[in-house]
Amino acid sequence: MSNQPQHASRHPQRFEILLVPEHVEDRGNASVADSAVRSAVVEATGESGVSGYPRYAGHGIEAEIDSGTHAVEALLVDGSELDIGLTAVVREVSDRSGR
């Protein structure tokens, strides 16, 4: 067992994933969140996925997210791949508990 201090993860602990139809070209005044057909806050699991990026899970969504670019490297929605015609948009979520 190491006596090294434990450092907080350099990866965000939470993200919001918004599933948005790709065909929406002009949202008018609607935000991405208003255009989403589903959204979920996912939390870090502490594991890395097959892609090598941190794994996040919550509310039926599992994702491997590159925290530097917010690119979704892998995604399952209710255990299945993302439906054709949908794209995933990632936003950081602040930790309201102050941790």
Side-chain angles (χ1 to χ4, degrees):
M1 185 171 215
S2 173
N3 289 329
Q4 297 292 330
Q6 296 294 321
H7 297 285
S9 171
R10 60 184 172 89
H11 303 290
Q13 294 301 298
R14 312 170 93 194
F15 282 108
E16 180 179 25
I17 296 179
L18 302 141
L19 303 180
V20 180
E22 289 179 348
H23 68 275
V24 177
E25 293 179 20
D26 181 14
R27 292 186 179 97
N29 292 329
S31 69
V32 172
D34 290 338
S35 300
V37 295
R38 182 168 173 179
S39 67
V41 173
V42 294
E43 308 238 357
T45 65
E47 301 172 347
S48 291
V50 174
S51 67
Y53 290 98
R55 180 171 283 171
Y56 294 82
H59 306 281
I61 295 180
E62 297 177 43
E64 296 171 23
I65 301 172
D66 177 343
S67 58
T69 64
H70 291 184
V72 177
E73 300 297 333
L75 181 71
L76 292 176
V77 178
D78 298 329
S80 299
E81 292 183 9
L82 190 62
D83 288 338
I84 293 175
L86 292 177
T87 188
V89 177
V90 176
R91 300 192 302 189
E92 284 190 45
V93 176
S94 63
D95 186 359
R96 293 186 181 135
S97 67
R99 286 184 279 157

- Is Val77 reachable from Leu86 through a run of I, L, V, M, F, W or Y residues, each pair having side-chain heavy atoms under 4.5 Å apart? yes
- May I ask whether Leu75 and Val20 are part of the same hydrophobic cluster, defined by side-chain heavy atoms of I, L, V, M, F, W, Y residues being less than 4.5 angstrom apart, directly or through others? no
- Query: Is a salt bridge present between Arg38 and Asp83, judged by a nitrogen-to-oxygen distance below 4.0 Å?
  - Reply: no
- Determine the sole option in Glu73, Glu43, Glu62, Glu64 for which the salt bridge (Lys or Arg N to Asp or Glu O under 4.0 Å) test with Arg55 is passed. Glu64
- Task: Please check if atom CD in Glu47 has more than 12 non-hydrogen atoms from other residues, nucleotides or ligands closer than 6.0 Å.
- Result: yes
- Query: Under 3.5 Å, side chain of Ser67 to main-chain N/O of His11, donor-acceptor pair present?
  - Reply: no
- Message: Between Leu82 and Val89, is there shared hydrophobic-cluster membership here, with clusters defined by ILVMFWY side-chain heavy atoms closer than 4.5 Å?
- Response: no
- Gap separating the CD atom of Gln13 from the CD atom of Glu92, nearest 0.5 angstrom: 11.0 Å
- Message: Phe15: which residues meet the ring pair (Phe, Tyr, Trp, His ring centres under 6.0 Å) condition with it, sequence neighbours left out?
- Response: Tyr56, His70
- Query: Shortest non-hydrogen contact from Ile17 to Ala88?
  - Reply: CG2-CB, 4.2 Å
- Message: Going by the rule ring pair (Phe, Tyr, Trp, His ring centres under 6.0 Å), which residues pair with His59 if we only count those two or more places apart in sequence or in a different chain?
- Response: none
- Could you pull out the closest heavy-atom pair between Ala33 and Leu18, with the gap in Å? CA-CD2, 4.0 Å
- Taking all atoms of both residues into account, what is the closest heavy-atom pair of Ser35 and Pro21, and its distance? O-CD, 3.4 Å
- Message: Hydrophobic clustering (ILVMFWY, side-chain heavy atoms < 4.5 Å, transitive) - are Ile65 and Val93 grouped together?
- Response: no
- Same cluster or not: are Val72 and Val37 linked, directly or through other Ile, Leu, Val, Met, Phe, Trp or Tyr residues, by side-chain heavy atoms under 4.5 angstrom apart? yes
